[in-house]
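None of the values given here were measured: they were computed from a predicted structure. Residue indices begin at 1 and follow the sequence shown.
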Amino acid sequence: MRSTVPHLTAHLPDTRLAGNEPELVTALTEAIVGVYGEWARPLVSIRLSGVPAGRFAQGGVPVDTGASVTLGVRSGVFERPDAAEITARLGAALTDAITSVLGEELRPGTMVELLASPPERTFVGGR
């Protein structure tokens, strides 16, 4: 699975995120490492973005129980014979990480999106 480079951005309600950043970073990192393996730990890049109250909505109604996670990976992950299993594990593990730290009530409103880039369009450390 070394053809992937996990870069994660999570948009979360600011009221839930504030003060939980270290624990959430750890949980999200462990979720990715749990799927990819220990080799990925130093490559995991996480950006947390707090969304102010009233700026996160579902169905046209402001909520504080939503989360949006975008995980950038190299496109090779989708070409693997076990791609369906790997992507399902990523979605479940990241959702579990968020709910374990911020509360189970976020589960129904958590969306995980995997965005793929070909290797020639993703660089870490200039490579």
Side-chain angles (χ1 to χ4, degrees):
M1 184 142 10
R2 290 183 187 262
S3 63
T4 60
V5 180
H7 297 161
L8 181 142
T9 301
H11 292 89
L12 306 145
D14 198 41
T15 55
R16 292 180 179 264
L17 179 59
N20 291 305
E21 295 90 347
E23 188 178 358
L24 187 57
V25 165
T26 297
L28 291 168
T29 300
E30 293 304 322
I32 292 171
V33 169
V35 174
Y36 286 127
E38 192 60 40
W39 68 266
R41 186 177 301 280
L43 298 175
V44 176
S45 174
I46 297 175
R47 289 168 299 287
L48 301 176
S49 179
V51 178
R55 293 189 181 177
F56 209 119
Q58 285 185 258
V61 178
V63 297
D64 74 342
T65 55
S68 174
V69 178
T70 304
L71 178 63
V73 297
R74 290 198 177 158
S75 58
V77 74
F78 297 109
E79 298 165 7
R80 297 169 48 106
D82 60 350
E85 176 192 345
I86 295 297
T87 56
R89 287 178 56 204
L90 282 169
L94 293 170
T95 300
D96 289 346
I98 288 170
T99 58
S100 72
V101 175
L102 302 180
E104 189 62 33
E105 63 276 8
L106 268 73
R107 185 174 300 278
T110 297
M111 179 189 75
V112 175
E113 181 178 17
L114 305 179
L115 296 180
S117 296
E120 66 273 8
R121 294 185 189 167
T122 303
F123 305 92
V124 175
R127 294 185 248 162

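A continuous path of hydrophobic side-chain contacts links I86 to L8 [ILVMFWY only; heavy atoms under 4.5 Å]. One hydrophobic cluster, built from ILVMFWY side chains closer than 4.5 Å, holds both L94 and F78. No path of Ile, Leu, Val, Met, Phe, Trp and Tyr side chains, each step under 4.5 Å between heavy atoms, connects F56 with L48, placing them in separate hydrophobic clusters. Linking ILVMFWY residues whenever their side-chain heavy atoms come closer than 4.5 Å, directly or via other members, places L43 and L28 in the same cluster.
A search for salt bridge (Lys or Arg N to Asp or Glu O under 4.0 Å) contacts involving R47 returns nothing, not counting sequence neighbours. Residues satisfying the side chain to side chain contact (heavy atoms under 4.5 Å, CB included) criterion with R55, sequence neighbours excluded, are V51, P52.
Checked by atom type and distance alone, the side chain of T99 pairs as donor or acceptor with a backbone atom of D96 at under 3.5 Å. A donor-acceptor pair under 3.5 Å is formed between the side chain of E21 and the backbone N or O of G19.
Under the side-chain contact (heavy atoms from CB on, under 4.5 Å) rule, R16 has a single partner from L24, T65, I98, which is T65.
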Using the side-chain contact (heavy atoms from CB on, under 4.5 Å) rule, take L12 and D14 through it: C-alpha gap first, then chi angles, then the decisive distance, then the call. CA-CA 6 Å; L12 306 145; D14 198 41; over 6 Å; no
Do E104 and L106 pass the side-chain contact (heavy atoms from CB on, under 4.5 Å) test, and can you show the C-alpha distance, the side-chain angles, and the key distance before you say yes or no? CA-CA 5 Å; E104 189 62 33; L106 268 73; over 6 Å; no
Begin with the C-alpha distance, continue with both residues' side-chain angles, and end with the deciding distance and a verdict on side-chain contact (heavy atoms from CB on, under 4.5 Å) for V69 and M111. CA-CA 6 Å; V69 178; M111 179 189 75; over 6 Å; no
Could you give me the CA-CA distance, side-chain angles and deciding distance for E113 and L71, then say whether side-chain contact (heavy atoms from CB on, under 4.5 Å) is met? CA-CA 6 Å; E113 181 178 17; L71 178 63; over 6 Å; no
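Considering every non-hydrogen atom in both A31 and A93, the closest pair reads CB-O, 3.5 Å. Nearest heavy-atom pair, V101 versus A27, reported as atom, atom and distance to 0.1 Å: CG2-CB, 3.8 Å. The two residues P62 and G54 have their closest heavy-atom pair at CB-CA, 4.1 Å.
Atom CG of L17 sits about 11.0 Å away from atom NE2 of H11, to the nearest 0.5 Å. Here the OG1 atom belonging to T26 is positioned 11.5 Å from the CG atom belonging to N20, to the nearest 0.5 angstrom.
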